[in-house]
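A short worksheet on the structure shown next.
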Amino acid sequence: MPTVEKERVSNYDPNKKLRQRQHDPEHQPVKNRKQLAKDSGLRMDDDVVRGRRKKGKQVSAQQMMAPIKIETAYMTAETITVRDLTERIGKPAGEIIKKLMLLGIMATINQELDYDTASLVASEFGVTLEMKLDKTAEDALSAENVEDSDEQLQPRPPVVTIMGHVDHGKTSLLDYIRKTKVTAGEAGGITQHIGAYTAHVSGRQITFLDTPGHEAFTAMRARGTQATDIAILVVAADDGVMPQTIESIHHARAAKCPIIVAINKIDKPDADPDRVKQGLTQYELVPEEWGGDTIMVPVSAKTGEGVDDLLENVLLMADMLELRANPNRKARGVIIEAKLDHSRGAVATALVQNGTLHVGDMVVAGGAYGRVRAMVSSRGDKVKTALPSTPVELVGFGEVPEAGDEFIAVEDEKLARQVVEERAAKARASMVKNSSASTLEELFGKMAEGEVKDLNIIIKADVQGSVEAVKQSLEKLSNEKVHVKTIHSGVGGVTENDVMLAGIDHAIIIGFNVRPDAKARAAAERDGIDIRYYRIIYQAIEDVEKAMKGLLSPEFKENLLGHAQVRNVFRITGVGVIAGGYVTDGKIQRNAQVRLLRDNVVVFEGKLSSLQRFKDAVREVSEGYECGVGLENYSDIKEGDVIECFLMEQIEQ
C-alpha cells in the first residue's frame with residue numbers, strides 16, 4: 001500500500017462527526033419515536049411506538065395517526081363530483097357509490113351530483129353537508145346590471161308586436177307599412193319565422209315584430225310579446241274573433257302589454273267591424289267609443305285605409321307609456337331569432353332593449369358567446385352601432401343561441417367564457433337530476449299502469465324558432481298510451497351524428513326546411529333510420545299521429561268459438577293424456593286458444609297440442625261430434641271438465 005493511503009486509513013476517526021454535532025450549539029438531539037409522538041400530540045400504543053408488528057402486520061403511517069371525524073362539509077358549487085365528495089366527507093368512493101346505488105342512482109367516480117343528492121349521501125355517513133357557493137361568473141355578470149338613474153334615461157322608440165289569428169292579414173298589414181314583400185317567400189303564405197323591422201312614421205321610429213299566427217308557434221308569439229311594448233291585435237272584419245285571437249289576448253295580458261286592435265279587411269263586402277267589437281267585449285276589450293279604454297282602428301292592408309290612423313295611435317300610446325332607456329351603457333336585449341348560415345356561421349336577430357351595441361363588443365346569450373363581427377339593420381344595411389329598440393342581425397356567435405335568450409355585452413372574453421361554462425355545467429346537472437328522477441318515476445309508473453311506450457323524435461330545422469314550434473306541437477300529441485319524446489333538437493341540416501343518435505334511441509328524424517348531408521343520407525340508408533322532411537308543420541303533425549297509431553299496443557277482443565265436454569280420459573304411452581270430448585256448442589279449432597274449466601273455474605289456459613277425429617288429425621270439429629283433444633304441456637284432465645275454445649281478435653285503434 002502506498003504511503004498516502006496508509007496515512008488516510010490511520011487518520012480515519014469514526015466518532016469525529018458525532019463529537020462535532022455534540023459541540024454544535026444549534027444542533028438538536030435526535031428524538032426517539034416516543035418523544036416525537038409526545039411532542040406532536042399523537043396517541044400511540046406501545047406496539048406502535050416500538051415499531052412492532054401487530055398481529056403479524058406491518059404498522060402503517062395511517063395506523064400511527066388517530067382517525068379524524070368530519071362532522072360538517074361544504075359544497076362551493078351547484079354540483080359536486082363523487083371524487084370531490086370523497087375528499088370533503090373523508091369516505092371512500094366505493095362506499096359513496098354503494099349508497100348512491102341504494103338510492104337508485106348508478107354513478108361513477110366522475111359523476112356530478114346535485115346538492116340534494118350529495119347531502120343525502122353525506123347524512124348517511126353522519127356528515128352535514130352545507131352549501132357555500134363561491135362567487136360565480138354569473139354573479140359578476142349580474143353585478144354589472146346596475147339600475148339607471150332618471151338623468152341617464154332618454155326616450156326610445158316603441159317595440160310593437162303584430163299578433164292575431166292565421167290568415168287575418170298581419171304580414172299584409174306590415175307589408176303595407178314597410179312597402180316590402182314578405183308573404184311571397186313564405187311556405188303556403190304563412191309566416192313561419194319571427195321577423196323584426198323598423199318603420200319611420202312622422203319622423204319617428206317604430207320597431208315591429210312580425211310573429212306567426214298559427215297555433216303551432218304559440219311559444220314564439222309569447223316570446224315576441226315579452227320583448228314588446230305595444231301589441232297590435234289584427235282581427236279580420238269578415239271573420240271575427242278566432243281561437244288564436246283569444247290566445248294572442250292572453251299572451252299580451254301575461255306580458256302586461258297594452259293592446260291596440262286593428263280591424264282588418266274592411267274593404268271586403270261582408271266586413272262587419274261592429275260584430276268584431278262585440279266579440280272582443282267578451283274578453284274585456286271594450287272600444288273607446290263604447291265607453292271602454294281599448295283603441296280599435298278599422299284598417300285595410302290592401303288599400304291602406306286607416307293605416308296612418310293606426311300608426312298615430314301607436315305613437316300616442318308610446319308617449320303615454322313614457323318608454324325610456326340609457327344608450328350610454330353596455331347593451332342588453334333579447335334574441336328574437338337564430339339560425340346557422342353556411343357562409344356567415346351563427347346568425348342571430350337581436351333586439352337591443354337597453355344600452356348601445358357596437359361592432360367588436362363581446363356578447364353572451366344563453367349558452368353561446370362571441371365577439372360581434374358585423375351588424376346588419378332590418379333594411380339590410382351594415383351598421384356599426386345599435387341603439388335601444390333597434391333590431392339587428394348579429395354575426396359572431398361561436399354557437400347558435402336559443403331564440404328568446406337574453407343577450408348581454410360584457411367587458412372581456414374571459415368572463416363570457418366562464419359564464420357559458422357555468423351555464424353548461426348547470427344544464428348538465430339539471431339533466432342528471434331529471435334523468436335519475438324520471439327513471440325512478442317510470443319504474444313505479446310502469447309497475448302501476450303497465451308499459452308506457454315512447455315515440456322518440458329528433459328535430460332539425462332551419463331556424464331555432466321552428467325547432468321550438470315543431471317540438472311543442474309534436475309533444476302535445478302525447479297521450480296515456482304513447483309518449484312523444486324529443487331526445488334531441490337543433491338548427492341546421494341532418495348530420496351523421498343525428499342518424500347515429502336515432503339508431504341508438506330508436507328515434508325518427510324530422511327535418512323542417514332542411515336536408516341531410518351525403519354522410520347522413522348514407523348512414524340513414526345503411527341503418528334503416530326514418531328521416532321525414534317537411535315544409536308545412538301540419539303535415540309533420542299528421543304523420544306523427546299516424547306513427548303513434550302504429551305504435552299503440554293492439555287491443556284484442558275475445559271471440560268465443562265453442563265448448564266441448566270431457567267424457568273420457570286416455571293415457572297413451574309416448575303421447576300423454578288425451579281427452580275424449582263431445583262438442584256441445586260451436587266448434588273446437590286447432591289453431592285457437594283453449595281454457596280448461598272445472599266447475600266453471602279456469603284451471604288451465606293455453607293451446608291445443610292435438611285435435612283428432614278417430615285416428616285422423618283435423619283442423620276443426622263442429623257441434624254434435626266427438627273428438628280427441630290434447631292440451632299443450634298439461635295432463636291433469638278429468639271427466640266432467642269443459643274445454644272452452646276461443647280466438648283473440650285484434651281491434652284497430
Which heavy atom of A520 sits nearest a heavy atom of T495, and at what distance?
CB-C, 3.5 Å

Pairs in or reaching into residues 490-502: which pass salt bridge (charged side-chain N to carboxylate O under 4.0 Å, His left out), with residues at least two apart or in two chains?
K460-D498

Is it true that E475 and T486 share a donor-acceptor pair across their side chains at a distance under 3.5 Å?
yes

Nearest heavy-atom neighbours spanning S473 and I537
OG-CD1, 3.9 Å

Taking the side chain as everything from C-beta on, heavy atoms only, tell me whether N354 gets closer than 4.5 Å to R156.
no

Closest heavy-atom contact between V463 and V491?
C-CG2, 3.9 Å

Answer yes or no: is there a side-chain heavy-atom contact under 4.5 Å between M375 and L357?
yes

With a 3.5 Å distance limit and no angle check, can you tell me whether T207 reaches the backbone of S389 through a side-chain donor-acceptor pair?
yes

Note, V359 side chain near V383 side chain (heavy atom, < 4.5 Å):
no

When the side chains of residues 393-403 are checked against the rest of the protein, which donor-acceptor pairs come out under 3.5 Å, sequence neighbours left out?
from: E393; atom 1: OE1; to: R344; atom 2: NH1; distance (Å): 3.3
from: E393; atom 1: OE1; to: R344; atom 2: NH2; distance (Å): 3.4
from: E402; atom 1: OE1; to: Q464; atom 2: NE2; distance (Å): 3.1

My understanding is that only residues two or more places apart in sequence, or in another chain, count here; which of them pass side chain to side chain contact (heavy atoms under 4.5 Å, CB included) with A507?
N456, I458, I487, A502

Any T81 side-chain heavy atom under 4.5 Å of L113 side chain
no

Would you check if T349 and I335 make a side-chain contact, meaning some heavy-atom pair closer than 4.5 Å?
no

Would you say that L103 contacts V121 through its side chain, given a criterion of any heavy-atom pair below 4.5 Å between the two side chains?
yes

Looking at D361, is its backbone amide N or carbonyl O close enough to the side chain of R371 to form a donor-acceptor pair, meaning the two atoms are under 3.5 Å apart?
no

Check: Q353 and V334 side chains under 4.5 Å, non-hydrogen atoms
yes

Counting only heavy atoms not in M131, do more than 12 sit closer than 6.0 Å to its CE atom?
yes

Should K339 and D341 count as an ion pair when the cut-off is N to O under 4.0 Å?
no

Is there side-chain contact between I96 and I89, with heavy atoms separated by less than 4.5 Å?
yes

Mind listing the closest non-hydrogen atom pair of I97 and A107 along with its distance?
CG2-O, 3.7 Å

Assess the residue pair L474 and I457 against the criterion (side-chain contact (heavy atoms from CB on, under 4.5 Å)); give the C-alpha distance rounded to whole Å, side-chain angles, the decisive distance to 0.1 Å, and a yes or no.
CA-CA 9 Å; L474 297 182; I457 54 173; 3.5 Å; yes

Where do G366 and D405 come nearest, in terms of heavy atoms and distance?
CA-OD2, 3.6 Å

Row check, Y533 ring normal vs R515 NZ/CZ: under 6.0 Å, within 45°
yes

With M362 as partner, the option from V410, D412, L415 fulfilling side chain to side chain contact (heavy atoms under 4.5 Å, CB included) is V410

I need the minimum non-hydrogen distance between G493 and V514, along with the two atoms involved.
CA-CB, 4.0 Å

With no hydrogens and no angle check, is any side-chain donor or acceptor of E130 less than 3.5 Å from a backbone partner on T72?
no

